[in-house]
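Here is the structure we will look at, set down as structure tokens.
Here is the naming used below: chain letters follow the sequence lines, and residue numbers restart at 1 for every chain.
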2 protein chains.
Amino acid sequence: MPATLSPPPAPPATANGSSSLHQHAYEEIKRLIVTGEFPPDTFLSERQLAQRLGMSKTPVHIALKRIEAEGFVAISPQQGIVVRGLSPDDILDHYELREALEGFVVRRLAARLDSVGTDALRHALASQEKALAEGDLARCLELDARFHLLLARLLGNRQILAAMDQLHDRIRLVILRVGTLHRERFEESVPEHAAIVDHLLAGDSAAAETAMLEHLEAGKRRILLRRTEPHPEP
Amino acid sequence: MPATLSPPPAPPATANGSSSLHQHAYEEIKRLIVTGEFPPDTFLSERQLAQRLGMSKTPVHIALKRIEAEGFVAISPQQGIVVRGLSPDDILDHYELREALEGFVVRRLAARLDSVGTDALRHALASQEKALAEGDLARCLELDARFHLLLARLLGNRQILAAMDQLHDRIRLVILRVGTLHRERFEESVPEHAAIVDHLLAGDSAAAETAMLEHLEAGKRRILLRRTEPHPEP
DNA sequence: TTGACGAAACTGGTATACCAGTGCGACAAT
DNA sequence: ATTGTCGCACTGGTATACCAGTTTCGTCAA
């Protein structure tokens, strides 16, 4: 599609690099979900979304089937589409999967980190500290997710990276479930990241893995403890 | 020649259990790929597939976009669809991901195995030995994949199970890459499974994980080296 | 013989129309 | 007033037609 679209009244806000409409629809709808604009239990409609995105049903339909396959929405034929929320069990399972993947990643990574990776980790850490100092919590959240993905990328395993990439959006969803972002969260997690990096640079596999597992454990605790408000859920 | 439009005999043909056409298309196309009927580098066409499956382009298109997202085909707009093969690096990455997931699974599982799980593992093992004794190699392959999925299911983590389920089809693809099934492969792997189960039943996390990692390492070696002769146990 | 050029025969991507279910509300019969 | 029923207004799912590229190949001119 040309960069200068287009007839429909709504050329979407974000300048997209999407190669196709259904790709754009996929990214946009998922963004609306993981940013909380479409909270859990929201009812969606292909036609509404198509109109909002300035395209026809077809690409929206394709995007939604993919999003359904990833578990973010539930589609009932002849009924409708509903945004799926995350149960506490989902969150626990989510963190356990991360323990398996990311614990493994840092364990392996400590033994094979090169100078390029060293620089990347130091840079990522510096960015996080800068964002925290500036109080830019949204950027803190983004950098947090990117830090974890960076570890997988440095390991160079595309399968693991792909698996963690799918987790990326779920992480946002998990964090958003507790409401707005808290500064204290990052005042704790950024130093935890720093500890992981320290052990990686020292080549200490066991210590790096332990630090990662503690970091994830702390993250899980930060989320589950805040989830004590009464929920009007069935 | 031009497609002179279809003479669709137009009964939905086989009475399928699929809830929708695109679901049926997804399962069928993926089956054709993972069974080797569509080997790597095969060129596909939405229209050809639609005619073969007795439906229109639309559900085929949706199914292919999902299969593309899973990495089994590559779609180039205005060009065509090609079945993606697995490079040696892909296979290495694949096994490394399994090491991360399944190593973690057995480590955790050894500590929390109940009587139901015990029975399920014993039963799974017996089935494998029976299939091997009968020389039913196709069933051996199926039971192999199911055994690994069973471990994840016993752990009770849906996220991990979903991640490993995606691997299920890739495993078949990996094995098919070396050609036909070899009896020796299962004469080795079934006892390896038995060893893993033994350590799980004994509650020995470390031994179970080690056995699993060795099992995966052996599987990787069997594929990459294509060796058919049994090797001495360490 | 050879080269370039253009029409045709494809490709996936998208829009539109239509279909078959579903739920709900209005209206009618009691 | 209650209740049963019909119908309309939705839903996602599918088929069809069309679009804009890309590739192929035959034709025609040099």
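Residue Gln51(A) contributes atom CD, which lies 12 Å from atom P of dT16(C) at whole-angstrom precision. Following rounding to the nearest Å, Leu44(A) (CG) and dG13(D) (P) show an atom-to-atom distance of 13 Å. Between Gln48(A) atom CD and dA9(D) atom C1' there is a gap of 13 Å when expressed in whole angstrom units. Atom CZ in Phe43(B) sits about 12 Å away from atom P in dT11(C), given to the nearest Å. Distance CD (Glu46(A)) to P (dA15(C)): 13 Å, rounded to an integer number of Å. Rounded to whole Å, the distance from CD on Gln23(A) to C1' on dG12(C) is 15 Å. Distance Arg47(B) CZ to dT14(D) C1': 16 Å, rounded to the nearest Å.
Look at Thr58(A) and you won't find any side-chain N or O under 4.0 angstrom from OP1 or OP2 of dT14(C).
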Under 3.5 Å, which donor-acceptor pairs do the side chains of residues 43-50 of chain A form with other protein atoms, sequence neighbours left out?
{"residue": "Ser45(A)", "atom": "OG", "partner": "Arg47(A)", "partner atom": "N", "Å": "3.2"}
{"residue": "Ser45(A)", "atom": "OG", "partner": "Gln48(A)", "partner atom": "N", "Å": "3.3"}
{"residue": "Glu46(A)", "atom": "OE2", "partner": "His61(A)", "partner atom": "ND1", "Å": "2.5"}

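Counting only distance, with no hydrogens or angles, the side chain of Asp93(B) and the backbone of Asp90(B) share no donor-acceptor pair below 3.5 Å.
When heavy atoms are screened at a 4.0 angstrom cut-off, Leu49(B) is found touching no nucleic acid atom at all.
Of the residues in residues 59-85 of chain B, those lying under 4.0 Å from DNA chain D by heavy-atom distance are Pro59(B), Gln78(B), Gln79(B).
When distances are taken from the side chain of Lys57(B) to each of dG13(D), dT16(D), dT11(D), the shortest belongs to dT16(D).
Relative to the ring axis of Phe72(B), Arg170(B) places its NZ or CZ within 45° and under 6.0 Å from the centre.
Around atom NE2 of His168(B), more than 12 heavy atoms belonging to other residues, nucleotides or ligands sit under 6.0 Å away.
Salt-bridge annotation for Glu28(A) and Arg52(A): absent, with no side-chain N of the basic residue lying under 4.0 Å from a carboxylate O of the acidic one.
When each of Lys30(A), Gln23(A), His24(A) is checked for a side-chain hydrogen bond (donor to acceptor under 3.5 Å, both in side chains) with Tyr26(A), only Lys30(A) meets the rule.
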